[in-house]
Amino acid sequence: MKRLNWNTSQLQKALIFIFPLLYFMAAGYFRNLLGNLSLRSCDPEYIYFMSGLTLSDGNLKLGHIDNPGTPLQVLVALVFRITNLLRSTSIPYVEDVLLHPDLYLSVASLFIAAATTILLIVAGNKIYKTTRSVFYAMLVQTAPFLPVIWYDLVGRVAPELMMPFPVVLLTVLIVSVYYRNENTTTKDLLFFSLLSALGLSIKLTFLPLWFIPFLIIDGWKKRLSFIGLSFLFFFIIAFPMTLRIEVFLGWVKNLFLHSGQYGGGESNIIDFASLGTNLKELYGYEKRYFYVFFSLMAVLAAYLGYFRKKAEKRISLITIAVIVTIVLQVIMVGKHYAHRYFIPVLMLQPLLVFLLAEIIKKFYPKKITTTLVSIGIVFFFVWQIQFNNVWLPIKTQAMGTDIENRMPTWHVAQSLEKDSYKIIASQNYGCPFIEYTLMYSTVWASHKKQEEYKPILARLYPDTYNFFTWDNSMRYWGEKFDAQKAAGSGKKIYLYLERNEEELYNRTISKLQEENGAPFAAEKTLVYENPATKEVIFQLKISIPEQTEIPQ
């Protein structure tokens with residue numbers, strides 16, 4: 001019998017590794033599927049690339065503090081330094097990172113995936129020790145399996161990928177506090193504050209989740225201490241934001257007073273015309289989540305109605321806190337809509353199912369109820385696996401096709417002479433020329449670092465000119481474009497257009513002439529046209545018209 005019990009226990013512990021390993025495999029799969037991140041997603045990857053690089057290069061006042069995103073910035077900085085040590089190259093650190101940016105970002109992406117895998121294993125083991133239920137342990141580990149939105153992010157470098165850390169650990173702490181069935185301790189208060197600060201330092205969309213510990217913590221003195229400590233830890237963790245607090249507060253003010261994304265749009269707090277549309281779209285994407293949410297609300301109402309004063313206060317408070325939090329998040333997302341803004345409460349789904357299960361067990365606290373609840377959780381796993389199986393092929397097809405379409409242009413771009421002029425006209429989120437992505441990235445460096453990196457980039461990527469069509473600007477690291485110098489250099493001149501349109505070609509040539517300060521003639525020869533993406537690369541032959549002397 002002892003031998004049988006030991007095997008059962010070991011089997012249960014082995015089950016706790018299933019979902020974490022599946023997560024790591026999924027993350028590795030998408031990381032390889034996406035290839036070079038610069039090809040299709042310079043936002044947010046190359047914003048955090050530059051933040052991580054400048055932070056690891058000794059600059060604490062970062063150019064990008066909006067999210068704030070500090071944990072990801074710090075992680076990228078550490079990974080970059082460690083990766084550079086592993087490379088053991090004689091090339092100076094900054095130059096090596098700027099020469100191989102996709103490599104460094106790829107390592108950062110894999111590191112995030114590995115850290116998340118470890119997080120899920122630790123969380124599963126902690127829940128198992130607390131509840132002695134392998135079903136609850138595995139349930140908590142399903143938090144990052146959000147097929148509609150997560151597979152757009154995993155394998156990349158984005159602040160949302162850091163969100164499992166505060167949300168999953170918050171769930172573990174809530175379950176622990178619930179099972180102890182005693183007043184919250186000073187240690188609980190510190191952990192709640194630290195996790196709340198960590199979540200908010202990743203993205204401001206975590207703010208509604210502060211309401212859960214606020215309501216769970218007993219006593220107003222402790223609650224006020226929680227708020228004070230959370231803000232204190234937030235300002236410490238998000239130190240680049242704290243160093244530029246006036247800029248950050250201005251950003252937050254615009255977010256509150258304007259109805260559009262990123263603090264833009266009309267000057268109203270909520271645009272009710274778009275609110276309904278946004279919420280309808282959110283519900284359409286996350287119907288299954290809202291099924292669980294509404295079920296929890298119904299079961300709680302039945303529980304309170306049936307037991308009334310005999311209802312257990314702790315489970316009722318936790319459930320009410322979670323429900324209110326989700327409602328607040330829905331309102332926030334409806335105001336500034338993007339599906340990814342809903343991720344913090346989407347990751348609370350395991351907690352919703354846990355609360356649903358615990359309330360159901362209150363109606364009939366017998367072993368048969370626990371067994372039925374465990375079977376219900378297994379059905380939830382099957383339900384989730386089926387949902388993932390629906391979306392995985394969709395995401396794979398979309399991303400795989402996009403990369404497959406872009407790669408031929410990238411191969412042609414890599415085959416061009418290194419010692420050549422490159423004129424890049426694009427406003428896309430990625431580009432086959434790394435020069436474009438790096439130019440985009442440097443915009444997010446502090447002014448000091450921009451000036452410091454300019455000569456380095458001009459040496460590493462000489463004679464590169466980026467025409468940003470959205471603001472009609474020509475950007476470069478070295479000298480201003482000189483048509484006569486380019487024509488007489490003997491170097492080949494290439495022009496990349498994000499789409500083969502005569503209007504874009506004419507705009508680009510006109511901008512070059514403006515930069516040159518004088519007109520010139522340009523004859524184009526097709527090098528490559530991508531039939532799938534409509535990208536095109538031309539070789540230009542520039543000729544300078546002879547100056548006619550004016551008789552005196």
Side-chain angles (χ1 to χ4, degrees), residues 35-42 102 399-440 457-458 460-546:
N36 291 337
L37 291 169
S38 61
L39 196 57
R40 71 182 297 270
S41 53
C42 55
D102 281 318
M399 294 182 186
T401 300
D402 187 33
I403 293 296
E404 185 179 340
N405 288 340
R406 291 171 181 259
M407 282 304 292
T409 314
W410 181 84
H411 284 299
V412 173
Q414 303 314 300
S415 70
L416 302 179
E417 296 84 353
K418 298 297 181 185
D419 188 23
S420 62
Y421 278 80
K422 297 180 183 70
I423 301 152
I424 303 162
S426 179
Q427 62 178 14
N428 210 324
Y429 276 104
C431 184
F433 290 89
I434 191 62
E435 293 90 340
Y436 167 84
T437 315
L438 288 173
M439 181 62 74
Y440 176 91
L457 287 161
L460 298 178
Y461 304 100
D463 302 321
T464 299
Y465 299 89
N466 289 274
F467 178 36
F468 285 86
T469 54
W470 67 73
D471 64 354
N472 198 43
S473 64
M474 185 69 70
R475 304 188 184 191
Y476 44 87
W477 297 301
E479 299 176 349
K480 193 174 182 179
F481 182 75
D482 186 329
Q484 187 164 8
K485 181 180 178 182
S489 66
K491 299 178 183 179
K492 291 184 178 180
I493 305 170
Y494 294 104
L495 169 63
Y496 165 82
L497 302 178
E498 65 174 348
R499 59 189 184 280
N500 189 12
E501 295 176 359
E502 195 65 24
E503 185 270 339
L504 179 57
Y505 172 80
N506 291 334
R507 275 185 66 191
T508 306
I509 296 300
S510 176
K511 189 64 181 178
L512 285 171
Q513 290 176 337
E514 180 186 320
E515 292 289 316
N516 184 56
F520 58 82
E523 180 183 335
K524 62 181 178 180
T525 303
L526 180 65
V527 175
Y528 175 74
E529 181 179 9
N530 189 319
T533 63
K534 307 304 178 186
E535 299 168 289
V536 66
I537 298 175
F538 293 114
Q539 182 177 341
L540 296 182
K541 183 179 180 181
I542 291 178
S543 55
I544 310 299
E546 293 183 9

Looking only at heavy atoms, which two atoms of [X] and [Y] are closest? And how far apart?
X	Y	answer
N472	K511	O-NZ, 3.0 Å
N516	A483	OD1-N, 2.8 Å
P519	P545	O-CD, 3.8 Å
T508	A425	OG1-CB, 3.5 Å
I537	A413	CD1-N, 4.4 Å
S420	K491	CA-CB, 4.3 Å

Are the side chains of [Y] and [X] in contact, using a 4.5 Å heavy-atom criterion?
X	Y	result
N506	I509	no
N428	R406	yes
V536	N530	no
K541	T525	no
T409	Y496	yes
Y440	C431	no
F433	L416	yes
N500	F538	yes

Should the ring pair Y476 and Y465 be called parallel, tilted or perpendicular, given that the plane angle runs from 0 to 90° and is split at 30 and 60?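 Taking Y465 first and then Y476, their aromatic rings sit tilted (interplane angle of 30° to 60°).
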Using 30° and 60° as the class limits, which term best fits the ring planes of F481 and F520: parallel, tilted or perpendicular?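 Ring orientation of F481 relative to F520: tilted.
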Under a 4.0 Å threshold between the charged nitrogen and the carboxylate oxygen, would E529 count as salt-bridged to K524?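 Salt bridge between K524 and E529, a charged N being under 4.0 Å from a carboxylate O: no.
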Evaluate E514 against M474 for side-chain contact (heavy atoms from CB on, under 4.5 Å), listing each step before the verdict. CA-CA 10 Å; E514 180 186 320; M474 185 69 70; over 6 Å; no
Atom [atom1] of [X] with >12 non-hydrogen neighbours under 6.0 angstrom:
X	atom1	answer
Q484	CD	no
E417	CD	yes
E404	CD	no

Given side-chain contact (heavy atoms from CB on, under 4.5 Å), test L457 with E435 step by step and report yes or no. CA-CA 9 Å; L457 287 161; E435 293 90 340; over 6 Å; no
Spacing of [atom1] belonging to [X] relative to [atom2] belonging to [Y], to within rounding of 0.5 Å:
X	Y	atom1	atom2	answer
N466	K422	CG	NZ	11.5 Å
W477	M439	CH2	CE	4.5 Å
D482	L512	CG	CG	11.5 Å
K534	L504	NZ	CG	15.0 Å
Y494	Q539	OH	CD	5.0 Å
E535	N405	CD	CG	9.5 Å

Sidechain-backbone polar pair: S510 side chain, R507 backbone, donor-acceptor under 3.5 Å: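 The answer is no, because no donor-acceptor pair under 3.5 Å joins these two groups.
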Among F468, W410, Y429, which residue meets the ring pair (Phe, Tyr, Trp, His ring centres under 6.0 Å) test with Y436?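 The residue from F468, W410, Y429 that satisfies ring pair (Phe, Tyr, Trp, His ring centres under 6.0 Å) with Y436 turns out to be F468.
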Less than 3.5 Å apart, any donor N or O on the side chain of D102 or S38 sitting next to an acceptor on the other?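 Side-chain D/A pair, D102 to S38: present.
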